[in-house]
Amino acid sequence: IDTNQLIMNAWQCVAKMLNPNMQLKKEDVARFFGQTLEDATTIIAKENNIENVDLVKASKVYWDYHTTHHNEIVGTFPQIKDTLNSLKKLGIKLGIVTSGSNNNCEIELDECGILKYFDAIVGSDNTKLHKPDPFPALLCCKMLNVNPSEAIMVGDSRHDIACGNRAGCKTVFVSWSFCNDAKNLNDDEKPDYIINQASELLNLI
């Protein structure tokens with residue numbers, strides 16, 4: 001789902017809450033793709049010497065904007081629906097691993113008409129361990145009843161790729177999000193494959 005601009009705008013609201021003069025750059029937000037809102041807010045506050053941050057309020061500010069403006073901004077990236085449909089016809093089990101809430105994830109997938117393609121969702125409600133820890137990917141594999149070595153973790157952030165690699169999955173990095181600089185991925189963040197359009201995933205199955 002193309003939530004890039006929505007995420008960027010929501011984070012600007014959080015930044016203003018932390019400091020009225022703070023303005024986050026695209027690369028600032030990109031660093032936190034794949035992390036929970038609470039973890040990212042804590043890091044931003046620490047880097048800007050802001051103490052006693054109200055994480056509950058920060059979360060509310062973020063999700064209030066996200067929910068209010070969701071339908072104005074969000075859609076699917078090109079080829080996503082056709083690729084998901086092709087994968088299901090091949091009998092491929094599909095799961096989501098997200099650092100967001102399960103409910104919000106289900107709402108977004110449903111609004112974009114692709115919820116029906118997914119057999120499992122692992123969100124922040126399911127675990128206290130989040131990407132880049134391997135546990136969310138391992139849990140998703142367990143829910144899908146597949147061995148991690150038989151799974152492919154597709155992601156748009158370094159945290160996605162590290163999570164998949166540590167879980168023993170093959171990993172695929174997509175080039176169409178904020179975090180599209182694959183040259184800066186290293187160590188366990190390096191993906192097995194990089195794709196530039198969704199349909200290329202079918203060649204890796």
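- Not one N or O on the side chain of Asn85 forms a donor-acceptor pair closer than 3.5 Å with the backbone of Asp82.
- Distance NZ/Lys57 to NZ/Lys60: 10.0 Å, rounded to 0.5 Å.
- Under a 3.5 Å cut-off, the side chain of Asn165 and the backbone N or O of Lys190 do form a donor-acceptor pair.
- In this structure, Asn196 places its CG atom where more than 12 heavy-atom neighbours from other residues, nucleotides or ligands lie under 6.0 Å away.
- Atom-to-atom distance recorded for Ser86:OG and Leu202:CG is 5.0 Å, nearest 0.5 angstrom.
- Ser101 contributes a side-chain N or O that, together with a main-chain N or O of Asn104, makes up a donor-acceptor pair within less than 3.5 Å.
- For the side chain to side chain donor-acceptor pair (under 3.5 Å) test, residues two or more places apart in sequence or in another chain that qualify with Asp188 are Arg166.
- Taking hydrophobic clusters as Ile, Leu, Val, Met, Phe, Trp and Tyr residues chained together by side-chain heavy-atom distances below 4.5 Å, Val97 does not share a cluster with Leu201.
- Residue Ile7 is grouped with residue Ile43 when hydrophobic side chains (ILVMFWY) are merged at heavy-atom distances under 4.5 angstrom, including chains of intermediate members.
- Of the possible donor and acceptor atoms, one in the side chain of Ser124 sits under 3.5 Å from a partner among the backbone N and O of Gly100.
- Scanning all heavy atoms of the two residues, the minimum distance from Ile1 to Cys112 falls at CG2-SG, 4.1 Å.
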(message) Evaluate Ile195 against Trp176 for side-chain contact (heavy atoms from CB on, under 4.5 Å), listing each step before the verdict.
(response) CA-CA 9 Å; Ile195 60 174; Trp176 52 78; 3.9 Å; yes
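- In this structure, Ile114 is a member of the same hydrophobic cluster as Ile121, with clusters built from ILVMFWY side-chain heavy atoms closer than 4.5 Å.
- For the pair Met22 and Lys16, the minimum side-chain heavy-atom distance is 4.5 Å or more.
- For the 3.5 Å distance criterion, the side chains of Asn102 and Glu106 fail to qualify, holding no donor opposite an acceptor.
- You'll find the side chain of Thr42 stays beyond 4.5 Å of the side chain of Val53, heavy atoms only.
- One finds the CZ atom of Phe118 at 3.5 Å from the CD1 atom of Ile96 (value rounded to the nearest 0.5 Å).
- Residues Phe173 and Asp160 have side chains not in contact (no heavy-atom distance under 4.5 Å, counting atoms from C-beta outward).
- For the pair Asp39 and Lys131, the salt-bridge criterion is not met [side-chain N within less than 4.0 Å of a carboxylate O].
- Of all non-hydrogen atoms in Pro136 and Thr127, the two that sit nearest each other are CG-CG2, 4.3 Å.
- Of the inter-residue distances, the one linking Arg158 atom CZ with Arg31 atom CZ reads 9.5 Å to the nearest 0.5 angstrom.
- Side chains of Leu139 and Leu129 form no contact here, defined as non-hydrogen atoms less than 4.5 Å apart.
- Here the side chain of Asp192 pairs a donor or acceptor atom with the backbone of Thr171 at under 3.5 angstrom.
- Not one N or O on the side chain of Ser59 forms a donor-acceptor pair closer than 3.5 Å with the backbone of Leu55.
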Apply side-chain contact (heavy atoms from CB on, under 4.5 Å) to the pair Met143 and Asp119, showing each step before the final yes or no. CA-CA 8 Å; Met143 292 169 67; Asp119 305 294; over 6 Å; no
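- Counting heavy atoms from C-beta outward, Ile44 and Leu24 have side chains that approach closer than 4.5 Å.
- To the nearest 0.5 Å, atom CD of residue Glu108 and atom OG1 of residue Thr3 are 6.0 Å apart.
- One N or O on the side chain of Asn126 and one on the backbone of Gly123 form a donor-acceptor pair closer than 3.5 Å.
- With Asn48 contributing its side chain and Ile50 its backbone, the two residues share no donor-acceptor pair below 3.5 Å.
- No donor-acceptor pair under 3.5 Å is formed between the side chain of Asp2 and the backbone N or O of Gly75.
- Listed for the Asp133 side chain is no donor-acceptor partner under 3.5 Å among the backbone atoms of His130.
- The shortest non-hydrogen separation linking Ala58 to Leu37 is O-CD2, 4.2 Å.
- For the pair Lys81 and Tyr117, the tightest heavy-atom approach, listed with the atom from each and the gap, is O-OH, 4.0 Å.
- By the 6.0 Å contact criterion, NZ on Lys170 is open, its count of non-hydrogen atoms from other residues, nucleotides or ligands being 12 or less.
- Within the 4.5 Å cutoff, the side chain of Thr98 has no heavy atoms near those of the Val122 side chain.
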Name the atoms and distances for all side-chain donor-acceptor pairs under 3.5 Å in residues 148-155, with sequence neighbours left out.
residue, atom, partner, partner atom, Å
Ser149, OG, Asn147, OD1, 2.8
Glu150, OE1, Asn147, N, 3.4

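- One hydrophobic cluster, built from ILVMFWY side chains closer than 4.5 Å, cannot hold both Ile107 and Leu94; they sit in different ones.
- Scanning both residues, Gly95 and Cys140, for their nearest heavy atoms gives CA-SG, 3.8 Å.
- Taking the side chain as every heavy atom from C-beta outward, Leu6 and Trp11 never approach each other to under 4.5 Å.
- Of all non-hydrogen atoms in Cys13 and Tyr65, the two that sit nearest each other are SG-CD1, 3.7 Å.
- Between Thr67 and Tyr62 the shortest side-chain heavy-atom distance does not fall below 4.5 Å.
- A single hydrophobic cluster is seen to contain both Val172 and Ile205, as judged by linkage of ILVMFWY side chains at heavy-atom distances under 4.5 Å, directly or through other members.
- How far CG of Leu87 is from NZ of Lys93: 14.5 Å, rounded to the nearest 0.5 Å.
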